[in-house]
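Presented below is the structure to which this report refers.
In what follows, every heavy atom counts, from backbone to side chain, and hydrogens, waters and symmetry copies are set aside.
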Amino acid sequence: MIKEKRWKKEFEKELREFWDKNNVYEFKKSEKVFSIDTPPPYPSGKPWHIGAVAHYSQIDMIARTARMFGNNVLFPVGIDRNGLPVEIYTEKKYNVQMHKISREKFVQLCKKSLDELEEYMIQILHTIGFSADFKNHRYRTDSEEYRKLTQATFIELWKKGLIYEDTRPNNYCVKTKTTIADAEIEYKEIETNLVYIKFKTEDGKQLVIATTRPELLGACAAILYNPNDERYKGLKGNAIVPIYGHKVPIIPHPYAKPEFGTGLVMICSYGDYADVRLFRELKLPEKILIDENGRMNKNSGKYEGLLVKEAREKITKDLQEMGLVEKIEKIMHRTPFSERGKHPIEIIPMKEYYLKQIPFLDDVRKCAEKIKFHPDYYKQFLFDWIDSVSIDWPITRRRFYGTEVPIWYCKKCGEPHVPEPGKYYQPWKQKAPFEKCKKCGNKEFVGDERTLDTWMDSSISALFISGYKRDEELFKSAFPVSLRPQAKEIIRTWLYYTILRVWQLTNKCVFKHVWIGGHGVDEHGKKMSKSLGNIVDPVPILEKYGADTFRFWNAAEANVGSDFRYSESRLIAAQKFLTKLWNLSRFISGFQKEDNYKLTASDEWIISELNKTIEKCKKGYEEFNFFIPANEIKHFAWSIFADHYIEMVKARAYNKEGKFSKEEQNGAIRTLYLVLENIIKLLAPICPFITEKIWLELFSKESIHKQKFPEKIKVKQIEGITEKLIEFNSEVWKYKKEKGMPLNSSIKRAKAYKELEIFKQDLIEMHNIEELEFGEKIEIGE
RNA sequence: GGGCCUGUAGUCUAGUGGCUAUGACGUCGCCCUUACACGGCGAAGGUCCCCGGUUCGAAUCCGGGCAGGCCCACCA
């Protein structure tokens, strides 16, 4: 018997304790495993994005669904703790600069920030009822065990010859002083000056060239015009670069677009990726003007020491004074920015290690083809990215908080030495594990000081959680991984790199399913961001409404893959449904189930309706689409079961006046319990708390989360009359309303559709009708 | 420039060829009918973005616009 009048979020705490105590979500090894490569959240600051919390709620629903479908589910939880964002967070929080304090000290501060943020996130996950195995399958990507594996895979790929060192122009973030991969670049439209500069050719002709990067004049190596451009046909020889005075060839090339600027374009090392490509293609001599601090170097002559921006202004002014500027236009220019550092990037050649990816693009594409995407249109995002990858992956970073590049170099000849896999190496502070250089025999080594791109760590999460190289038994059962759930914005990074790396290491396709969640946006459909000031903190929301309300809102809010809006009024709507469900259960809990029962047509009808609901929910769950079951269950439980069936059988279930037989009475009670039992089982993956509470009160002492997903119930199917029933009930209610009669007052005579005759007795009691007839249409009253 | 997605009452949303277009929030009435007033019943509110086509029939399919979002691309 349920006593409390409302579902209280305070119940959630005791239920969490019940689950913890009974190890309800503990993973036990078995032959077949449904493995989930849970995204390890990145602790980048507070508050945690409410959209992310919603995202994790949905991932939890996937795990719970898989369990109820009879799978043994490996549902780990990790925390991603490597890389740039935490370094930036730490610099700000402790007001330090990474390069100005000792590495040891900085690493410690990062750890401190991470521990605190991790605790905060784990707390939230726990609060929302995240059913991962926190005790046995919780990991950190910066743990020794994890980094050891990252390094082992690095060493393995090194030995396969897939990693090489090269000096080539690369994306370089001057603010964070590190090379970054193309996948980490984002573009912004910003206003820029397009400066029209006068050049002279050797034979004295004047040329005007438009550029956004006048400070790179000193690195200019060629001038191009389009071969079809009538204005410049026949132009050849050399041009003289203003200020610097060096001569550069004038070359016809289709890259130059006649309609842009003057139709002449100068090629410099390096203003953009086109420059990189053209330098390579035309074999032009490279000259670097910008150093790794983002300042002009000595190659730039009198601009040495200035920041790029300052140099741009200064040289423009100088050119103007020399009368060499024809005009300046303001244009919107698409500029590459570092996604994480939020600063414009420069293209600077650096010596870095690269992981080969170009030769594997076809394999990655084949893997992607085999994976089932939910929803399927996101597969295209991955293909688009694969098609646009054009250079190998630079994997070394000049940062401190990351997995160390496990290489030592001979101090004498520079030969790189890679240690044996299986240990965690920190070359920046450890002694080299080698006796002497294998090349020159020298005995002194120096460790590499760089770290690996954090995607080198993240891209093996699927291997880490499934026990690769650490637990063969688990690996056999959990790999390939059943499902990767993730957000859409990291398709080109996390998903792509994982497929690539796992293929390189195992020659297998890593996932069977990929599930892509949408974004959480504010109630006007705008992306939440700190600058817009529309960030919603999840903690007070969870405190106010509880996890199940949040989860139900989240499930019922948007279709799989589409963005969902945060709105408090909708949360309240979700809360009302939980109250309704609670009161339904409270009502039913007042009756005693007995064995001698007989189902009447009304009972068979509601069970038939339940069966349809089970089918629909199952279909939704199978696609990991919680929008479908959430709304189906709500509709069935509220608008059919409560509004019509319960009202119909109330009299029979109470049977106060003895108008029904004992068997008929028990039939109603039996059916009430049966339908409720199935409703809460259907809802359990979405609302694990309230369903558990009702379940434990009324049905069993063993957790609902150990139960199987409902099957259709064998019953005489009664179909096609639900709408007629609803219409008839509605007409009666309307009639009483119009006459100003209370709903429990009696009606002398009524006529209902003949299909409803099977419900006769229940309908008479429900509406208090003295004489009920049946025919072709509804008639009420005299 | 290419691709993907979206456009349905004040707001949000369901609906992929068929009866008077779904539901929620909000609004307006009436009702505490012994599970629930976080409830019940009822009502108002829509040129289903626009134009054209296919069809007996289009919110739904096709073509062309317009608007918004996202992804990709070497326009200095």
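Considering only heavy atoms from C-beta on, W515(A) stays 4.5 Å or farther from P375(A) through its side chain.
Taking atom P in both C19(B) and C28(B), one finds a spacing of 33 Å when rounded to whole Å. Separation of the P atoms belonging to C41(B) and G26(B) is 16 Å when rounded to the nearest angstrom. Distance check on atom P: G69(B) versus G29(B) gives 40 Å, rounded to whole Å. Straight-line distance between the C1' atoms of C38(B) and C5(B): roughly 36 Å, to the nearest whole Å. For the P atoms, the distance from G10(B) to A73(B) is 41 Å, rounded to whole Å. Comparing the C1' positions of C62(B) and C30(B) gives a spacing of 50 Å, expressed to the nearest Å. Using P as the reference atom, U22(B) and A44(B) are 12 Å apart when rounded to the nearest Å.
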Item to check | ring pair (Phe, Tyr, Trp, His ring centres under 6.0 Å) assessment of F577(A) paired with F552(A) | outcome: CA-CA 9 Å; F577(A) 172 62; F552(A) 187 81; 4.8 Å; yes

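For the pair K650(A) and U33(B), the criterion of a side-chain N or O lying under 4.0 Å from OP1 or OP2 is not met. At the phosphate of G40(B), OP1 or OP2 sits under 4.0 Å from a side-chain N or O atom of W638(A). Neither OP1 nor OP2 of A35(B) sits under 4.0 Å from any side-chain N or O of Y645(A). Between K656(A) and the phosphate of U34(B), there is no side-chain N or O to OP1/OP2 separation shorter than 4.0 Å. Checking the phosphate oxygens (OP1, OP2) of G42(B), a side-chain nitrogen or oxygen of S730(A) falls inside 4.0 Å. Phosphate contact (OP1/OP2 of A73(B), side-chain N/O of S388(A), threshold under 4.0 Å): present.
Looking at K544(A) and E568(A), a side-chain N of the basic residue comes within less than 4.0 Å of a carboxylate O on the acidic one, giving a salt bridge.
Within the shown strands, C72(B) is the pairing partner of G1(B) under the Watson-Crick or G-U definition, both distances less than 3.5 Å. Within the shown strands, nothing qualifies as a pairing partner of G17(B) under the Watson-Crick or G-U definition with both distances less than 3.5 Å. Summarising the base pairing, G39(B) is matched to C31(B) through a Watson-Crick or G-U wobble pair whose two defining distances lie under 3.5 Å. Across every strand in view, G10(B) sits in a pair with C25(B) that passes the Watson-Crick or G-U test at under 3.5 angstrom.
The distance from atom CG of L500(A) to atom CG of L361(A), rounded to the nearest 0.5 Å, is 8.0 Å. Distance CG/L578(A) to OG1/T549(A): 4.5 Å, rounded to 0.5 Å. We find the OH-CD distance between Y645(A) and E609(A) to be 12.5 Å, quoted to the nearest 0.5 Å.
Comparing A35(B), G42(B), A24(B) by their nearest atom to the side chain of K737(A) picks out G42(B). Distance from the side chain of S569(A) is smallest for C25(B) among the nucleotides C25(B), U33(B), A73(B). You'll find that the side chain of W385(A) is closest to A73(B), out of C70(B), A35(B), A73(B). Side-chain atoms of R6(A) lie closest to C38(B) of the nucleotides A35(B), U33(B), C38(B).
Backbone-only contact: K734(A) has heavy atoms under 4.0 Å from sugar-phosphate atoms and none from a base. Residue-level contact check: K736(A) touches neither bases nor backbone, having no heavy atom under 4.0 Å from any strand. Using a 4.0 Å heavy-atom criterion, one finds that E738(A) contacts no nucleic acid atom at all. When heavy atoms are screened at a 4.0 angstrom cut-off, F577(A) is found touching no nucleic acid atom at all.
Within a 6.0 Å radius of CD in E776(A), no more than 12 heavy atoms belonging to other residues, nucleotides or ligands are found. Counting heavy atoms of neighbouring residues, nucleotides and ligands inside a 6.0 Å radius, atom NZ of K372(A) exceeds 12 of them.
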Atom pairs, N/O to N/O, protein against nucleotides 74-76 of chain B, distance under 3.5 Å?
unit_1: C74(B); atom_1: O2'; unit_2: Y255(A); atom_2: OH; d: 3.4
unit_1: C74(B); atom_1: O2; unit_2: R277(A); atom_2: NH2; d: 3.3
unit_1: C74(B); atom_1: N3; unit_2: R277(A); atom_2: NH2; d: 3.4
unit_1: A76(B); atom_1: OP1; unit_2: H333(A); atom_2: NE2; d: 2.7
unit_1: A76(B); atom_1: O5'; unit_2: H333(A); atom_2: NE2; d: 2.9
unit_1: A76(B); atom_1: N6; unit_2: K257(A); atom_2: O; d: 3.1
unit_1: A76(B); atom_1: N6; unit_2: F260(A); atom_2: O; d: 2.8
unit_1: A76(B); atom_1: N1; unit_2: K257(A); atom_2: N; d: 3.2

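Just one of L282(A), I250(A), L264(A) meets the side-chain contact (heavy atoms from CB on, under 4.5 Å) condition when paired with L224(A); it is L282(A).
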